[in-house]
Asker: 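For reference, the structure I am asking about is given below.
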Amino acid sequence: MIHTFRHFEAADPFDRIWQAEFRWQQTAISIRHADTVDVKWRLTSADQAMEKVVALQHADLLQVARNLGRKVSDPWCMRLAAAHLWKMLGTWQDMDKTLVTLNAAELTEAAQTIEEWEEAGRKDSQLV
């Protein structure tokens, strides 16, 4: 579970701990002529460093937001990308790629993960 979306830790299947640090987020029309929101991360472990860009396709992003009854915002896009990156690290899926473009199903899954984390956080705060 991620508590701080700008900088978090995640374990990979090989028992390494990775530090993920948010670098930037921008509309990719300006850099890649793609209709996506690109979210860049720097990943470091004890012996490695790499960068990943999680691309959220605009049309799918709008559809998922409509389905969930929410507005698209910069913080939500960063959280979606963080949730997907956390999954990538945990499964090592797509870790061979620098640019990972999410489809609608992956965006929906990331949104559900965020909701689960937020619900768990609300429950934890009620216990204190």
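Only this structure's heavy atoms are used, side chains among them; waters, hydrogens and symmetry mates stay out. For the single chain, residues carry numbers from 1 onward in sequence order.
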Asker: What distance do L61 atom CG and D35 atom CG have between them, rounded to the nearest 0.5 Å?
Answerer: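 Result: 10.0 Å between the selected atoms.
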Asker: Which heavy atom of A83 sits nearest a heavy atom of A110, and at what distance?
Answerer: CB-O, 3.9 Å
Asker: So, taking the atom named CG in L56 and the one named CG in D60, what distance separates them when rounded to the nearest 0.5 Å?
Answerer: 9.5 Å
Asker: Atom CZ of F8 and atom CG of L85: how far apart are they, to the nearest 0.5 Å?
Answerer: 4.5 Å
Asker: Holding to salt bridge (charged side-chain N to carboxylate O under 4.0 Å, His left out), I want the full list of residues that pass it with D94, two or more places apart in sequence or in another chain.
Answerer: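 Expected list: K97.
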Asker: Return the minimal non-hydrogen interatomic distance between L89 and M95, and the atom names on each side.
Answerer: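 Shortest heavy-atom separation between L89 and M95 comes out as CD2-CE, 3.6 Å.
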Asker: Can you give me the closest heavy-atom contact between P13 and G90, atom names plus distance?
Answerer: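 Heavy atoms of P13 and G90 come nearest at CG-O, 3.3 Å.
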Asker: Let me confirm one number: the OG1-CD distance from T36 to Q26, rounded to the nearest 0.5 Å.
Answerer: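 Taking OG1 in T36 and CD in Q26, the distance rounds to 9.5 Å.
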Asker: Which heavy atom of A104 sits nearest a heavy atom of V64, and at what distance?
Answerer: O-CG2, 3.8 Å
Asker: Give, for atom CH2 of W86 and atom CD1 of I2, the distance between the pair rounded to the nearest 0.5 Å.
Answerer: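 It comes to 7.0 Å.
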Asker: Can you pull the side-chain hydrogen bond (donor to acceptor under 3.5 Å, both in side chains) pairs that have at least one residue in residues 73-82, sequence neighbours excluded?
Answerer: Q25-D74
Asker: Output every pair passing side-chain hydrogen bond (donor to acceptor under 3.5 Å, both in side chains) with a member in residues 7-22, not counting sequence neighbours, ordered by first then second residue.
Answerer: H7-Q19, E9-Q19, D12-R16, D12-W18, R16-Q48, E21-R23
Asker: Who are the salt bridge (charged side-chain N to carboxylate O under 4.0 Å, His left out) partners of K52, not counting sequence neighbours?
Answerer: none
Asker: Taking atom CD of Q63 and atom CG of L107, what is their separation to the nearest 0.5 Å?
Answerer: 11.0 Å
Asker: Under 3.5 Å, is there a donor-acceptor pair between the side chain of Q57 and the main chain of L102?
Answerer: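 Yes, Q57 side chain to L102 backbone: donor-acceptor pair under 3.5 Å.
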Asker: Should L43 and W92 be counted in the same cluster of Ile, Leu, Val, Met, Phe, Trp and Tyr side chains packed under 4.5 Å apart?
Answerer: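 The answer is yes; both residues are in one hydrophobic cluster.
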Asker: Using salt bridge (charged side-chain N to carboxylate O under 4.0 Å, His left out) as the criterion, list what pairs up with R6, not counting sequence neighbours.
Answerer: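 With sequence neighbours excluded, R6 shows a salt bridge (charged side-chain N to carboxylate O under 4.0 Å, His left out) to no residue whatsoever.
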Asker: If hydrophobic clusters are built from ILVMFWY residues whose side chains come within less than 4.5 Å, do W41 and I17 share one?
Answerer: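 No, no single cluster joins them.
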Asker: Quick one: side-chain hydrogen bond (donor to acceptor under 3.5 Å, both in side chains) pairs with a partner in residues 107-117, sequence neighbours left out?
Answerer: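 Only K87-E109 qualify under side-chain hydrogen bond (donor to acceptor under 3.5 Å, both in side chains).
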